[in-house]
Every structure is written in C-alpha cells, then in structure tokens.
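Written below as structure tokens is the structure these notes are about.
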Amino acid sequence: MPGISITFGIILILQGIITYFISDSRSFTALIPAIFGGLLVVLGFVAKKPDLRKHAMHAAAMVALLGIIGALMRAIPALARGAEINLGIGSQLVMGVLLIIFLVLCIRSFIAARRARTAVPPVE
C-alpha cells in the first residue's frame, strides 16, 4: 500500500503542476492537488517502515478524505448551479475521483489486513 500512496501522490503532484502552468491566472489554488499529492508521497515513504505503516496509511486515508471533501464540496454545487466545466472545476473533479479511488483502496487494504490478523491462530 505504501507504493500505491506514492503513485497516487505523484499523479496528484503532476496534476497540480500541469493545471498551474496551463491556467491563465497561475493561481496558487491550482497547486492544491500537488499539496495533497505531496502529503501522500511523504506518508507513503513513512509507511515503508513496518512499525509506522499502520499509522502512516491511516493518516494517508485521512488526507484523502479531507481532499475529497474539499474538492467535491466546491465542484458539485457549482455543477448543480449549472456552471460549465472549466479548468478549475475539472481539476477539482479529477482530484476528487483520484482520492476516492485511493480511499477505497485504503479501506480494502485495512479490511484485508484485519482479516489476515484475525485469521492467524494465537501463539501459545
């Protein structure tokens, strides 16, 4: 799972940088996906250490949840009001979808880890 966190983080970093450079305004907000991606990369590398994996991956899942809320909280109401999909809204939607996929993968991994832990007979 640490590798998946790093991969999604790199994708989000690239999304933020590309969005920043192709936007006319060069707004700092275009880099928000890169900030979330950077956090996922850092947490992915922290999770490579076995004794920190559980905490780091739970933190990465929390980062993803906050990113989903932040991205979709603005994009979905704008679309509901009839706004056209522009670069900003498109970027928010892409970030939200990527983080939803990442969060689902995290949850599946957490469930599998818990099942594996409970399936092992106790050591006597």
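Keep in mind that this is a model prediction, so the values were computed, not measured.
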First locate atom CD1 of Ile22, then atom CD1 of Ile17, and finally report the distance between them rounded to the nearest 0.5 Å. 12.5 Å
Heavy-atom check, side chain of Leu14 versus side chain of Ile11, under 4.5 Å: no
Heavy-atom count check: over 12 atoms from other residues, nucleotides or ligands less than 6.0 Å from Arg74 CZ? no
Would you say that Leu43 contacts Met57 through its side chain, given a criterion of any heavy-atom pair below 4.5 Å between the two side chains? no
Could you tell me whether the side chain of Thr19 and the main chain of Gly16 form a donor-acceptor pair under 3.5 Å? no
Does atom CD1 (Ile101) have a neighbourhood of more than 12 heavy atoms from anything else shown, all under 6.0 Å? yes
Do Lys54 and Phe110 touch side chain to side chain, with heavy atoms closer than 4.5 Å? no
Is the shortest side-chain heavy-atom distance between Leu105 and Met1 below 4.5 Å? yes
Min side-chain heavy-atom separation Phe102-Ile107 under 4.5 Å: no
Could you state whether Ile13 and Ile32 fall into the same hydrophobic cluster, counting links through intermediate Ile, Leu, Val, Met, Phe, Trp or Tyr residues with side-chain heavy atoms under 4.5 angstrom apart? no
Within one Ile-Leu-Val-Met-Phe-Trp-Tyr cluster: Val94 and Phe21, side-chain cutoff 4.5 Å: no
Within the supplied structure, the quantity of interest is the number of heavy atoms (other residues, nucleotides, ligands) at a distance under 6.0 Å from Asp24 CG; does it exceed 12? no
Is there a chain of hydrophobic side chains (I, L, V, M, F, W, Y, each step under 4.5 Å between heavy atoms) that links Leu93 to Ile18? no
Using side-chain heavy atoms (C-beta onward) and a distance below 4.5 Å, is Leu99 in contact with Leu40? yes
Min side-chain heavy-atom separation Leu12-Ile35 under 4.5 Å: no
Looking only at heavy atoms, which two atoms of Pro33 and Ala30 are closest? And how far apart? CD-O, 3.3 Å
Among the clusters formed by ILVMFWY side chains lying less than 4.5 Å apart, do Ile6 and Leu39 turn up in the same one? no
Could you report the tightest heavy-atom contact between Gly44 and Pro2, atom names first, then the distance? O-CB, 3.3 Å
Spell out, as yes or no, whether a donor-acceptor pair under 3.5 Å connects the side chain of Ser91 to the backbone of Leu87. no
Counting neighbours of CZ on Arg114 that are heavy atoms of other residues, nucleotides or ligands and sit closer than 6.0 Å, is the number greater than 12? no
Between Val46 and His55, does a side chain to side chain contact (heavy atoms under 4.5 Å, CB included) hold up when you go through it step by step? CA-CA 9 Å; Val46 170; His55 297 296; over 6 Å; no
On a heavy-atom basis, the closest approach of Thr29 and Ser27 is OG1-OG, 2.8 Å
Heavy-atom side-chain contact between Ile4 and Phe8 under 4.5 Å: yes
State plainly whether one hydrophobic cluster holds both Tyr20 and Ile89, where clusters connect Ile, Leu, Val, Met, Phe, Trp and Tyr through side-chain heavy atoms under 4.5 angstrom apart. no
From Cys106 atom SG to Met62 atom CE, the distance as rounded to the nearest 0.5 Å: 11.5 Å
With side chain to side chain contact (heavy atoms under 4.5 Å, CB included) as the criterion, how do Leu98 and Met95 come out once you've worked through the C-alpha distance, each side chain's angles and the decisive distance to 0.1 Å? CA-CA 5 Å; Leu98 286 171; Met95 177 180 158; 5.9 Å; no
